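Notes follow the structure.
Since the structure is predicted, the reported quantities are computational estimates derived from the model, not experimental observations. For the numbers below, each heavy atom of this structure counts, side chains included, while hydrogens, waters and symmetry mates do not.
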Amino acid sequence: MIASNEFPGIPELTDASTPLETLGAVELDTPGHDIDADGTLDTETFHTDDALVVATDTDLDGFADHLTIVDTDGDFAAWEFHHSEDGETHWKRTDNGKLGE
């Protein structure tokens, strides 16, 4: 599991099965990857003994728009951050499963 001190912005322990719907915005402190090859660093990755987290800021506002969590056992979940017309924000799971199945 990933603890909050390993992934800034996520207050609770997280793995691929943890629901993130009520998680707020996740700030990316030090993007180190350019996932869309446009010349701008937009993605941070976090590794622990139990999982890999990939957080991407597609609109370059400093906050993750996409999160993907892959556990060492192959379970994964992908999430997108949404802004509602009423100003509310939430994470929506877009995919989940087990790698290789």
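Asp75 contributes no side-chain N or O that, together with a main-chain N or O of Ser17, makes up a donor-acceptor pair within less than 3.5 Å. Side-chain N or O atoms of Trp91 include one that pairs as donor or acceptor with a backbone N or O of Gly24 at under 3.5 Å. No donor-acceptor pair under 3.5 Å is formed between the side chain of Asp95 and the backbone N or O of Ala78.
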Kindly determine whether Phe81 and Leu23 satisfy side-chain contact (heavy atoms from CB on, under 4.5 Å), including the steps that lead there. CA-CA 9 Å; Phe81 195 60; Leu23 177 68; over 6 Å; no

With side-chain contact (heavy atoms from CB on, under 4.5 Å) as the test, would you mind laying out the steps for Ile69 and Leu20 before giving the verdict? CA-CA 11 Å; Ile69 303 168; Leu20 301 180; 4.2 Å; yes

Can Asp73 and Lys98 be said to form a side-chain contact (heavy atoms from CB on, under 4.5 Å), step by step? CA-CA 8 Å; Asp73 66 1; Lys98 189 166 191 83; 3.9 Å; yes

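Atom CG of Asp34 is separated from atom OG1 of Thr43 by 7.5 Å, given to the nearest 0.5 angstrom. Asp71 contributes atom CG, which lies 7.5 Å from atom CG of Asp50 (distance to the nearest 0.5 angstrom). Note that the CG atom of Asn96 and the CZ atom of Phe76 stand 6.5 Å from one another [nearest 0.5 Å]. Here Leu28 contributes atom CG and Leu60 contributes atom CG; the two are 10.0 Å apart, rounded to the nearest 0.5 Å. Here NE2 of His90 is found 10.0 Å from NE2 of His83. Values are rounded to the nearest 0.5 Å. The CG atom of Asp38 sits 11.0 Å away from atom CD1 of Ile35, with the distance rounded to the nearest 0.5 Å.
Leu67 and Phe63 are members of different hydrophobic clusters when ILVMFWY side chains are connected at heavy-atom separations under 4.5 Å. Hydrophobic clustering of Ile, Leu, Val, Met, Phe, Trp and Tyr side chains at less than 4.5 Å, counting indirect connections, keeps Leu41 apart from Val54.
The nearest pair of heavy atoms linking His82 to Glu80 is CD2-O, 3.4 Å. Between Asp36 and Asp42, the closest heavy-atom pair is OD1-OD2, 3.1 Å. The minimum heavy-atom distance between Ala55 and Ala64, with the atom names listed, is CB-CB, 4.1 Å. Here the shortest heavy-atom pairing between Glu44 and Asp29 reads OE2-N, 2.6 Å.
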